[in-house]
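All chains are named by letter (A, B, ...) in the order of the sequence lines, taking the proteins before the strands, and each is independently numbered beginning at 1.
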Amino acid sequence: NAGVTQTPKFQVLKTGQSMTLQCAQDMNHEYMSWYRQDPGMGLRLIHYSVGAGITDQGEVPNGYNVSRSTTEDFPLRLLSAAPSQTSVYFCASTRGVRTGLTGNYGYTFGSGTRLTVV
Amino acid sequence: GESVGLHLPTLSVQEGDNSIINCAYSNSASDYFIWYKQESGKGPQFIIDIRSNMDKRQGQRVTVLLNKTVKHLSLQIAATQPGDSAVYFCAEKGGNDYKLSFGAGTTVTVRA
């Protein structure tokens, strides 16, 4: 059981280049999301998906696209990279089903992709 | 928008002492809260959670307290160890969806 797998771990892009950050989970989780983390700040939600074929914007969606063609995969695309997108990106998933009064939602995070745009 | 925030950005603790990390939240509709630990170069790791119908929950060496009256959440770590050095985040989930909102984090440093 691999959990949430993110690739690549590190990436350097030139301004204007495009790329896709990959995220895959093998826990059959309904809900998946992308966050970015900047120094001294918490995680900010970019996009999320409540199931295959359904995506929506989070707090900081500009400059990013997502799709959810399968339950397992939730790629994040940078359309035209900018230095302001230099950050660490985390993918997370949850089963999205209540598990009772004391159950948890099982939010699981990947290990992150460190992106630098020059 | 509404957000979750932590009171202090850093906390220095003597090894063996207890640590208390605080968090204030503003969304009264939040029904679920999580504490995460993030070590350098890694993703957030789940520590403990609590639902809004509870005011206390205990795990191994950790306790989370929830005060809905003042919208305050705290994480207590007993007998703090060097391996507890990390950034700690609180996160809240709104009542109607699964989105998590995070505070800015508290960096805990354990002194030997």
What do you reckon, are the aromatic ring centroids of Tyr36(B) and Phe109(A) less than 6.0 Å apart?
yes
Please say whether more than 12 non-hydrogen atoms of neighbouring residues, nucleotides or ligands are located less than 6.0 Å from CZ in Arg114(A).
no
Is Gln38(B) close to chain A through its backbone or its side chain, or both, or neither, when contacts mean heavy atoms under 4.5 Å?
side chain
Contacts of residues 45-78 of chain A with chain B (heavy atom under 4.5 Å):
Leu45(A), Tyr48(A)
Working note: Met32(A) + Tyr98(B), criterion side chain to side chain contact (heavy atoms under 4.5 Å, CB included); need CA distance, chi angles, decisive distance, verdict.
CA-CA 9 Å; Met32(A) 297 184 74; Tyr98(B) 298 106; over 6 Å; no
How many angstroms lie between atom CZ of Phe90(A) and atom CZ of Phe102(B), to the nearest 0.5 angstrom?
9.5 Å
Side-chain heavy atoms nearer than 4.5 Å, only ILVMFWY residues, links allowed to pass through others: does that put Phe33(B) and Ile48(B) together?
yes
How about NZ on Lys9(A), more than 12 heavy atoms from neighbouring residues, nucleotides or ligands closer than 6.0 Å, or not?
no
Between Lys99(B) and chain A, with a heavy-atom cut-off of 4.5 Å, which part of the residue counts as in contact: side chain, backbone, both or neither?
both
When hydrophobic residues are tied together by side-chain contacts of less than 4.5 Å, even through go-betweens, does Ile77(B) share a cluster with Leu65(B)?
no
dist Phe89(B):CZ -> Leu43(A):CG (nearest 0.5 Å) comes out at 6.0 Å
Which ILVMFWY residues are connected to Val70(B), directly or by a chain of links, through side-chain heavy atoms under 4.5 Å apart?
none
Taking Met54(B) as the starting point, is it possible to reach Ile47(B) by hopping between hydrophobic residues whose side chains are less than 4.5 Å apart?
yes
Report whether Leu66(B) and Leu75(B) are members of the same hydrophobic cluster (ILVMFWY, side-chain heavy atoms less than 4.5 Å apart, transitive linking).
yes
Contacting region of Leu100(B) [heavy-atom separation from chain A under 4.5 Å]
both
Between Gln6(A) and chain B, which part of the residue has a heavy atom less than 4.5 Å away: side chain, backbone, both or neither?
neither
With a 4.5 Å cut-off on side-chain heavy-atom distances among I, L, V, M, F, W and Y, is there a chain of contacts connecting Val88(A) to Leu21(A)?
no
